[in-house]
Amino acid sequence: MSLRRIGVLLRKEISQGWRNVMFIFAVVMPIVLTVVVSLLFGTVFSGKARLGLADEGTSQLVARARALESLEVKVYTSAAQLRAATAEGAVDLGVVLPAGFDERIIRGEPASLVAYLWGESTLRNRAVLGSTLATLIRDLAGQEAPVEIVTTTLGGEAAVPWETRLLPFILMMAMFLSGGMVPAATLVEEKQKRTLRALTTSPVSLGEVFAAKGLLGVILSVVMVAVTLVLNRAWGGEPLLLLATLVLGAIMAAAVGILLGAFIRDINTLFTVIKGAGILLYAPVIVYLFPEIPQWIGRIFPTYYMIGPLVEITLEGGTFATVAPELAVLVGLNVLLIAVIAAVAARAPQSEGALNPA
């Protein structure tokens, strides 16, 4: 397998991608959905995120938070008063600062905070408050501080905003349309136009074609999911972990797309298969749409391991320790899919009819 030939094929895929309807659809659809959801639920025109603080000592965090123009900060005299205000929606996030908190984090000692989250707060405000609070703590400590934030959502799961419920669906669509459907569609089109046969009778191998189309899917998937997260202000507090998770999820989407493209003969059949398998692909995000459904059900489906870690990192403040089990499963699935693709490429001369329809 030649990296040079793969690079040439990849450049060709990128330069000709804008002529492909599926390529354009994959780029446009997540952005359109994000704008529509933002307009429907008012996140485009929402005001400042509201932070409530109850200081049980003399923390400098209060003054630092008040100095920020990006937040509306309210201070309460007790944790009970803060909890009541959060439950009523007076603030989006309420944080109790225990006595001696500053001293503990400056010394690098583990500390914990009790936080109350208003169930109807917007995704934008949650993301802003989460990242701002992490920055304030880090600046105050002068280092990465081992702080555990124990969050209680007030209002129950039924109060989870619809924009928060819909984000996993938009992310899944962005990841699979760009990472899976684009490689699958271009591969099927190559077979229908008989350009795949021409390519594989040249020095280019089928494995190199698969690699180039898979790389296109991975790159496009990572870019589109990242754009979607930025538009939704849901980047989270672990950018490197998030990027690694994006790449692993994109690899899985691209591998599924390559296998679909390898065995499906025409575009109509491809869309029929996608429609038929849609419930399997999107089942995990349906669970997120309806919090009353037991969340463990989503873990039954392989695509959960593409989207679950992303949701945990962006919406729930997940760290490597919390998402490591899901990422391990995702890595295992990727290895299995890549092994299957390699076997298909190796057997191509014996199964040319499947890959190059008459």
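Remark: side-chain polar atoms of Gln81 are paired, donor with acceptor, to backbone N or O of Thr77 under 3.5 angstrom. Between the side chain of Asp102 and the backbone N or O of Gln60 there is at least one donor-acceptor pair closer than 3.5 Å. Formation of a donor-acceptor pair under 3.5 Å by the Ser59 side chain with backbone atoms of Asp55 is not found in this model. No donor-acceptor pair under 3.5 Å is formed between the side chain of Lys74 and the backbone N or O of Ala85. Put simply, the side chain of Lys213 never gets that close to the backbone of Val182: no donor and acceptor are under 3.5 Å apart. Looking at Tyr305, its side chain does come within 3.5 Å of a backbone N or O of Arg299 through a donor-acceptor pair. Panel note: side chain Thr269, backbone Arg265; no donor-acceptor pair is recorded below 3.5 Å. Panel note: side chain Ser221, backbone Met175; a donor-acceptor pair is recorded below 3.5 Å. Judged by distance alone, the side chain of Lys191 and the main-chain N or O of Ile264 form a donor-acceptor pair under 3.5 Å. For the pair Asn334 (side chain) and Met252 (backbone), a donor-acceptor distance under 3.5 Å is present.
Under the 4.5 Å side-chain contact rule for hydrophobic residues, Ile24 and Val227 share a cluster. Residues Val287 and Trp296 share a hydrophobic cluster, clusters being chains of Ile/Leu/Val/Met/Phe/Trp/Tyr side chains in contact below 4.5 Å. Clustering ILVMFWY residues whenever any of their side-chain heavy atoms sit less than 4.5 angstrom apart, transitively, puts Val8 in a cluster other than the one holding Ile219. Under the 4.5 Å side-chain heavy-atom criterion for ILVMFWY residues, no single connected hydrophobic cluster contains both Val150 and Leu136. With hydrophobic clusters built from ILVMFWY side chains whose heavy atoms lie under 4.5 angstrom apart, Met224 does not share a cluster with Val21.
Taking CD1 of Ile137 as the reference point, atom CD of Gln143 lies at 12.5 Å (rounded to 0.5 Å).
Taking 4.0 Å as the cut-off between side-chain N and carboxylate O, Arg50 and Glu72 do not count as a salt-bridged pair. A salt bridge between Lys12 and Glu208 is absent, with no side-chain N of the basic residue lying under 4.0 Å from a carboxylate O of the acidic one.
Taking each heavy atom of Pro183 and Gly217 in turn, the nearest pair found is CG-CA, 3.8 Å. Gly108 and Pro146 get closest at one heavy-atom pair: O-CG, 3.7 Å.
Within 6.0 Å of CZ on Arg107 lie more than 12 heavy atoms contributed by other residues, nucleotides or ligands.
A 4.5 Å side-chain heavy-atom check between Thr245 and Ile313 finds at least one atom pair inside the cut-off. For the pair Tyr304 and Val329, the minimum side-chain heavy-atom distance is 4.5 Å or more. In this structure the side chain of Met306 reaches within 4.5 angstrom of the side chain of Thr303, judged on heavy atoms. Taking 4.5 Å as the limit, every side-chain heavy atom of Ile307 sits out of range of all side-chain heavy atoms of Phe169. You'll find the side chain of Leu133 reaches within 4.5 Å of the side chain of Val95, heavy atoms only. Side chains of Val73 and Leu68 form no contact here, defined as non-hydrogen atoms less than 4.5 Å apart.
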Would Glu148 and Leu113 count as a side chain to side chain contact (heavy atoms under 4.5 Å, CB included) if you check the C-alpha gap in whole Å, the side-chain angles of each, and the deciding distance to 0.1 Å? CA-CA 6 Å; Glu148 178 187 11; Leu113 293 175; over 6 Å; no
